[in-house]
Amino acid sequence: RCGCPSGWQETLGAAVTALREGGLVAVPTDTVYGIACLAQSSQAVRKIYSLKGRNGGKPLAICLGDVEHIYRYCHVTVPEELLQDLLPGPVTLVLQRSEGLNKDLNPFTSLVGVRIPNHAFIREVAQACSGPLALTSANISTQASTLTVSEFQDLWPQLSLVIDGGAIGDVQSPECRLGSTVVDLSVSGKYTIIRPGCALTPTVEILGKKYGLTSEPSCS
């Protein structure tokens, strides 16, 4: 862990190298610790599922560094201002995927969740990698999300790199472990909350009050 710019650049370089070599890297985000790999590498995506013991039918989100990159991998039916109002932030936007995304990533759905965390380090990593990151929480599936690196110690041996960004939020607070608010924006004019997460109220305010989208009940 290092607050100095030289340490930051060194850590950034190490993370990007590990990802480009097909590795899995644990990174702090604005919500919980995550595990990232290159979304366009089918082999790396398989490694994430294996590491987490994750059900193959559960999709992985992609993480990008900038809002404008969303248009490369998704079909967007909302105004760009709406994207800018929600991102970067603790929200996952579910959109129609485009042909630009690796077909082996979530092959069972035409949708994809997009994250741009409000966390400078992971966004710089995403910007430095040519293509999206696949991102999931740093924990075994069904177990609690993690707010410090020691909480997912059992996964360390299978990771290429663990970036320690300190504790994220209040370790004692269950609310801090909720993860991002997941909202489906794939149907024009509507939104569906798939997971309430940690930013439900401000997200709904922006979607409903500011942009006039109507809420659809979640079918999950």
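Positions are given from 1 along the sequence.
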| side-chain contact (heavy atoms from CB on, under 4.5 Å) between C37 and Q43, intermediate numbers included | CA-CA 10 Å; C37 74; Q43 195 179 354; over 6 Å; no
| Can you tell if the side chain of N139 reaches within under 4.5 Å of the side chain of Y33, non-hydrogen atoms only? | no
| Between I62 and A39, which heavy-atom pair has the shortest distance, and what is it? | CG2-CB, 4.1 Å
| said: Looking at P79, is its backbone amide N or carbonyl O close enough to the side chain of Y211 to form a donor-acceptor pair, meaning the two atoms are under 3.5 Å apart? | reply: no
| What distance do L135 atom CG and L60 atom CG have between them, rounded to the nearest 0.5 Å? | 9.0 Å
| request: Flag the pair F108 / N106 as yes when at least one side-chain heavy-atom distance between them is below 4.5 Å, and no otherwise. | output: yes
| L185 and L93: which non-hydrogen atoms are nearest, and at how many Å? | CD1-CD2, 3.8 Å
| request: Go through the steps to decide whether K52 and S137 satisfy the test side-chain hydrogen bond (donor to acceptor under 3.5 Å, both in side chains), and finish with yes or no. | output: CA-CA 9 Å; K52 288 192 54 140; S137 52; 3.2 Å; yes
| query | Is R54 reaching over with its side chain to a backbone N or O of P59, donor-acceptor style, under 3.5 angstrom? | reply | yes
| said: With heavy-atom distances below 4.5 Å as the criterion, would you say the side chains of T203 and Y191 are in contact? | reply: no
| request: Would you mind telling me which of L207, L200, I206, V204 makes a side chain to side chain contact (heavy atoms under 4.5 Å, CB included) with V183? | output: L207
| query | Is there a path from L178 to I168 through hydrophobic residues (I, L, V, M, F, W, Y) whose side chains come within less than 4.5 Å of each other? | reply | no
| remark: Rounded to the nearest 0.5 angstrom, the CG-OG1 distance for D164 and T11 is 10.5 Å
| request: Could you tell me whether the side chain of V32 reaches within less than 4.5 Å of the side chain of T146, counting heavy atoms only? | output: no
| task | Of all the heavy-atom pairs spanning A44 and L24, show the shortest one and how long it is. | result | O-CD2, 3.7 Å
| query | Any side-chain heavy-atom pair from L111 and Q96 closer than 4.5 angstrom? | reply | yes
| request: Could you walk me through whether R195 and S180 pass the side-chain contact (heavy atoms from CB on, under 4.5 Å) test, one step at a time? | output: CA-CA 8 Å; R195 179 175 75 190; S180 62; 3.2 Å; yes
| said: For a quick test of reading the model, state the closest non-hydrogen atom pair linking P117 to T29 and the distance between them. | reply: CB-CB, 4.2 Å
| field | side-chain contact (heavy atoms from CB on, under 4.5 Å) evaluation trace for S141 with N55 | value | CA-CA 8 Å; S141 280; N55 170 344; over 6 Å; no
| request: Would you confirm whether K47, through its side chain, and G22, through its main-chain N or O, come within 3.5 Å as a donor-acceptor pair? | output: yes
| said: To the closest 0.5 Å, what do you measure between CD (E205) and CG (D85)? | reply: 12.0 Å
| query | Rounded to the nearest 0.5 Å, how far apart are CD of Q40 and CG of N102? | reply | 5.5 Å
| Counting only N and O atoms by type, is there a donor-acceptor contact under 3.5 Å from the side chain of R97 to the main-chain atoms of L105? | yes
| field | Test: R72 and D66 ion pair at under 4.0 Å | value | no
| said: For a quick test of reading the model, state the closest non-hydrogen atom pair linking V25 to A15 and the distance between them. | reply: CG2-O, 4.0 Å
| Does Y73 reach the side chain of V114, with side-chain heavy atoms less than 4.5 Å apart? | no
| Would you call the rings of W8 and F121 parallel, tilted or perpendicular, where under 30° means parallel and over 60° means perpendicular? | perpendicular
| said: Within this structure, what is the CD-CD distance for the pair E124 and Q9, rounded to the nearest 0.5 Å? | reply: 6.5 Å
| request: Could you go through the side-chain contact (heavy atoms from CB on, under 4.5 Å) check for V187 and E216 one step at a time? | output: CA-CA 10 Å; V187 178; E216 291 283 294; over 6 Å; no
| Does the side chain of R177 reach to within under 4.5 Å of the side chain of E151, using non-hydrogen atoms? | yes
| query | Can you find a pair of side-chain heavy atoms, one from Q153 and one from W156, that are under 4.5 Å apart? | reply | yes
| said: Quick check: closest heavy atoms across L87 and V67, and the distance to 0.1 Å? | reply: CB-CG2, 4.0 Å
| What's the spacing between I122 CD1 and I116 CD1 if we round to 0.5 Å? | 11.0 Å
